2 protein chains.
Amino acid sequence: MAARAPHLSRRAAAKAARRRALIDATIRCIAAKGLGGTTLADVAKQAGLSQGIVNLHFRTKDNLLKETLEFLAAEYDERFMQTLADTPDDPLAKLEALMAMDLSPALCERRKLAVWFAFWGEVKFVPTYQKICAERDRKYDGIVHDLVQQVIDEGGYRDVDARAVSDSLTSMTDGFWLSCLVDPKRFDRDAAQRAVDRFLRATFPASH
Amino acid sequence: MAARAPHLSRRAAAKAARRRALIDATIRCIAAKGLGGTTLADVAKQAGLSQGIVNLHFRTKDNLLKETLEFLAAEYDERFMQTLADTPDDPLAKLEALMAMDLSPALCERRKLAVWFAFWGEVKFVPTYQKICAERDRKYDGIVHDLVQQVIDEGGYRDVDARAVSDSLTSMTDGFWLSCLVDPKRFDRDAAQRAVDRFLRATFPASH
DNA sequence: CAAAAATGAATGATTATTCATTCATTTTAT
DNA sequence: ATAAAATGAATGAATAATCATTCATTTTTG
């Protein structure tokens, strides 16, 4: 009886590892062939496993894709919260760090963006995707809005509208992601970063 | 010989009308079921025609989708150029009008955006989509950049970077489109418009 | 050894595409 | 002008390929 727990958890760990490997394979497949071009046979081959493996671990393809999106969202969330935690306790510094994170090569990179946009392309037709994405949106908009409000309060920017500024910031990164995806040759990370910096300086001139 | 032309053009006109009707049906299908959920049978039924009709008029599904994207791009282009032409000969007024157009209910509406994002979701995997979208991006970025440069020159804004401002503007609309798609309940058109207005006022304070 | 994990061949549903046929319209010939 | 011939648009049943899912069997693990 005492022995059962470690046995079960070993198996459970192996199972979790397999699921994780399959999700990784799914992300690679979507990055390479798109959502429409990704078959379960592709995913299995990418993971070096056999035909029926996805159905064994995820029951259905829809479920695999849902869990893949959840994984991506969790991954982003960890990065976001970590950036927030790692930055000095100054709201403007935190805003700058978050924007830089969104434009960093780790996130703002064509392969990764292709996966996000693949899911966004289906967002209106798959309620699960919609729910996950809308919650993300709300969470990060809320955090950014609060930071902006803090900068306003601390800097005494009476006539700056927090909502307008936070909306501008979050929409800018999404827009830069689209242009990185659509025209990577022309996309200029430094120029994008500069645009964000100038926006923040113009909005909060006394805080730099 | 003189008689042949009108006859041919009647047939040609009918053919063009059919193709157009099928493209309309395709857009409705994508708006309702997504790119992945749209079958040729759906399109034919939506158009009130029979099974083989798409292959007759467009040869392949890929080609139908390509021509559908081209149609959407042309439709947007007409609106864009018309807005440019209809606005008083002042670069800032033109910029404001273009931004307002992008956020207008006619364009910034979930059904339409779902179709655009469906194509963007495949942009990395279908070279044809990529080409069409990248060319659009370049064209409009160029026009917006030139307008911004004019405002800078006319207003003597020595320390404003035209590239940074135009990048900010175009990325903002794309970002607002994403949030309109992802979380339509929370999306606030007026707030978005206000954000853009404030950005322009902050950037060009002496020109309002 | 028993249970769980993994395999990969078989199944059945879906779907793009083809094609023989029908039908309406246009052209040609008398 | 009228009938015959030709065109090409439209149909919808048949085809062939793709793919998610199932399951009987084998392999691995505890």
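What you see is a predicted model; the values in this text were computed from it and never measured. Here is the naming used below: chain letters follow the sequence lines, and residue numbers restart at 1 for every chain.
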*Give a yes/no answer on whether the side chain of Asn55(B) brings an N or O atom under 4.0 Å of OP1 or OP2 in dT17(C).*
yes
*From Ile30(A) CD1 over to Leu35(A) CG, what is the distance, rounded to the nearest 0.5 angstrom?*
4.5 Å
*Between dA10(D) and Arg18(B), is there an OP1 or OP2 to side-chain N/O distance shorter than 4.0 Å?*
yes
*Could you check how far CZ of Phe58(A) sits from P of dA20(D), rounded to whole Å?*
15 Å
*Give a yes-or-no answer on whether the side chains of Asp42(B) and Thr39(B) include a donor-acceptor pair shorter than 3.5 Å.*
yes
*What is the distance from CD1 of Ile53(A) to P of dA4(C), rounded to the nearest Å?*
16 Å
*Residue Leu40(B), side-chain atoms from C-beta onward, closest of dT17(C), dT11(D), dA3(C)*: dT17(C)
_Quick check with a 6.0 Å cut-off and a 45 degree axis cone: is Arg110(B) positioned over the face of Trp116(B)'s six-membered ring?_
no
*Arg163(A)/Asp167(A) ion pair, N-O < 4.0 Å*: yes
_Length of the CG-C1' vector between Leu56(B) and dT7(D), whole Å_ = 13 Å
*Please tell me which of the listed nucleotides, dT15(C), dG30(D), dT26(C), lies nearest to the side chain of Arg10(B)?*
dT26(C)
*Ignoring backbone atoms, establish whether Lys61(A) has a side-chain N or O less than 4.0 Å from OP1 or OP2 of dT21(D).*
no
_Distance check needed: dA16(C) P versus Asn63(B) CG, whole Å only._
15 Å
*Nearest to the side chain of Leu49(B), which nucleotide is it out of dA13(D), dA16(C), dA10(D)?*
dA10(D)
_Value in whole Å for how far the C1' atom of dA4(C) lies from NE2 of His57(A)_ = 10 Å
_Glu135(A) and Lys131(A) ion-paired at < 4.0 Å_ = yes
*Spacing of Arg59(B) atom CZ relative to dT18(C) atom P, expressed in whole Å*: 10 Å
*To the nearest angstrom, how far is Gln51(B) atom CD from dT22(C) atom C1'?*
17 Å
*Closest to the Arg11(A) side chain: dG30(D), dT21(D), dT7(C)?*
dG30(D)
*asked:* Rounded to whole Å, please give me the gap between NZ in Lys45(A) and P in dG8(C).
replied: 12 Å
*Out of dT15(C), dG12(D), dG8(C), which nucleotide sits closest to the side chain of Thr39(B)?*
dT15(C)
